[in-house]
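So you know, we letter chains A, B, ... as the sequences are listed, proteins then strands, and number each from 1.
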2 protein chains.
Amino acid sequence: MDEKKKKHRFDLFEERCRQQGIPCTVQRRAVLDIILDSDHHPTTDQVFDVVRDRVPGISRTTVYRTLETLVRMDIITKTCHPGSAVRYDPRVEIHHHLVCLYCDDVIDIDSEQLNLLPVPDTSKEEFDVFDFRVQLRGICRNCKKKEVER
Amino acid sequence: MDEKKKKHRFDLFEERCRQQGIPCTVQRRAVLDIILDSDHHPTTDQVFDVVRDRVPGISRTTVYRTLETLVRMDIITKTCHPGSAVRYDPRVEIHHHLVCLYCDDVIDIDSEQLNLLPVPDTSKEEFDVFDFRVQLRGICRNCKKKEVER
DNA sequence: TTAAGTGCAAAAGCTTTGCGGGTAG
DNA sequence: CTACCCGCAAAGCTTTTGCACTTAA
């Protein structure tokens, strides 16, 4: 994420901390910094591996807790994907995903046309829709290569 | 799932077993039967809890392996969702999901309009799209009730 | 000062692996 | 017969919890 956007997100984070009486700790800032720089929807453990170099002594537990805190504060989101470890997304605004059915990787994609999608009626289910994501399911570049090699 | 559709899916399963030289065992039939009857995108463990009553002695490991086998055979699919246990979906044809951001529940929804969505160009990413799902993210009926109670 | 966060250790939950015996085709 | 599957036990990930100590505001 470019520096300007990042600064803006940090300002938002600090503002919400003040509003909600949430302490703005070294650990939280470091975790946020890393997730904003990531472009791969990292798992908690992947974030932990990077952050431990910058904040010596930080625990895995704190990373788990911090990521959930940031989600509750609406500073980052969770990514929906097949697979068994929770993954986080620095993007909160609308965008979509390419989901590889072979390696479960999730790649961001922007599409003005998809953003304009009409939201169907969900009153029958009594479900309130906030926003949406489109998952385009298929096979990624790397997995295509591997297929050929076989 | 109604009996006619179910029979059809079992026929497909047996046909693919023959084609691919995959033995059609008691365990696999039982697991498939249960997932086809489910309407809640069950986890492996939830499938195990039901199947153990019908096939005494079946192991959790077998259920894990069987569900992955059925996915590879394209008889069932994995569900994309936030949250940390893999969940399976008896539906392979196009449909969409309501995803509750509070309890991570996934509810099926059909929409002709969503099915007609234009697939954007993904040649830049060298990604081949097979199909797609729309995730409508928001809050479900149950979680709305809980919000009010607080 | 003090409410909340952090690290640690341990437990709990989810999934995979290796292997000897069993079974579908 | 024979390749593949199954159950078991154990190990390996992923995530949560309780508690004593520390820190942001």
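- Within the structure, every side-chain polar atom (N or O) of A:Ser84 is placed at least 4.0 Å from both OP1 and OP2 of D:dT14.
- Straight-line distance from the CZ atom of B:Arg28 to the P atom of D:dG7: 11 Å, rounded to whole Å.
- Ionic pairing of B:Glu93 and B:Arg91 is present here: one or more N-O contacts between side-chain nitrogen and carboxylate oxygen are shorter than 4.0 angstrom.
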- Task: Evaluate side-chain hydrogen bond (donor to acceptor under 3.5 Å, both in side chains) for B:His41 paired with B:Asp108, printing each intermediate quantity in order.
- Result: CA-CA 9 Å; B:His41 312 95; B:Asp108 287 333; 2.9 Å; yes
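- Remark: P of C:dA24 and CZ of B:Phe13 are 13 Å apart, rounded to the nearest angstrom.
- In this structure, A:Gln20 places its CD atom 16 Å from C1' of D:dA24, rounding to the nearest Å.
- With respect to A:Lys6 and A:Asp33, a salt bridge is recorded, a charged nitrogen being found less than 4.0 Å from a carboxylate O.
- Contact annotation for A:Gly57: backbone-only contact, meaning every heavy-atom pair under 4.0 Å involves sugar-phosphate atoms and none involves a base.
- Using a 4.0 Å cut-off between charged side-chain N and carboxylate O, A:Asp49 and A:Arg52 make a salt bridge.
- For D:dT23, the OP1/OP2 oxygens have no side-chain nitrogen or oxygen of A:Gln27 closer than 4.0 Å.
- We find that CG of B:Leu70 is positioned 12 Å from P of D:dC5, with the value rounded to whole Å.
- Spacing between atom CG of A:Asp45 and atom P of D:dT14 amounts to 6 Å, rounded to whole angstrom units.
- Each of A:Val86 and B:Ile58 was assigned the nucleotide of DNA chain D with the nearest heavy atom; the assignment lying further toward the 5' end belongs to B:Ile58.
- Taking only side-chain nitrogens and oxygens, A:Arg60 never comes nearer than 4.0 Å to OP1 or OP2 of D:dT14.
- For the pair B:Arg87 CZ and C:dT15 C1', the computed distance is 17 Å after rounding to whole Å.
- Computed from coordinates, the B:His81 NE2 to C:dC14 C1' distance equals 12 Å when rounded to whole Å.
- Nearest nucleotide to the side chain of B:Thr62, out of C:dC14, D:dG7, D:dC5: D:dG7.
- Phosphate contact (OP1/OP2 of C:dA24, side-chain N/O of B:Thr25, threshold under 4.0 Å): absent.
- Nearest to the side chain of B:Arg65, among C:dC14, C:dC19, C:dG7, sits C:dC19.
- Distances from the side chain of A:Pro23 to the nucleotides C:dA4, D:dT15, C:dC14 place C:dA4 closest.
- Ion pairing between a basic and an acidic side chain is recognised when a charged N comes within 4.0 Å of a carboxylate O; A:Lys7 and A:Asp11 show such pairing.
- Going from atom OH of A:Tyr64 over to atom P of C:dG7 covers 15 Å, rounded to whole Å.
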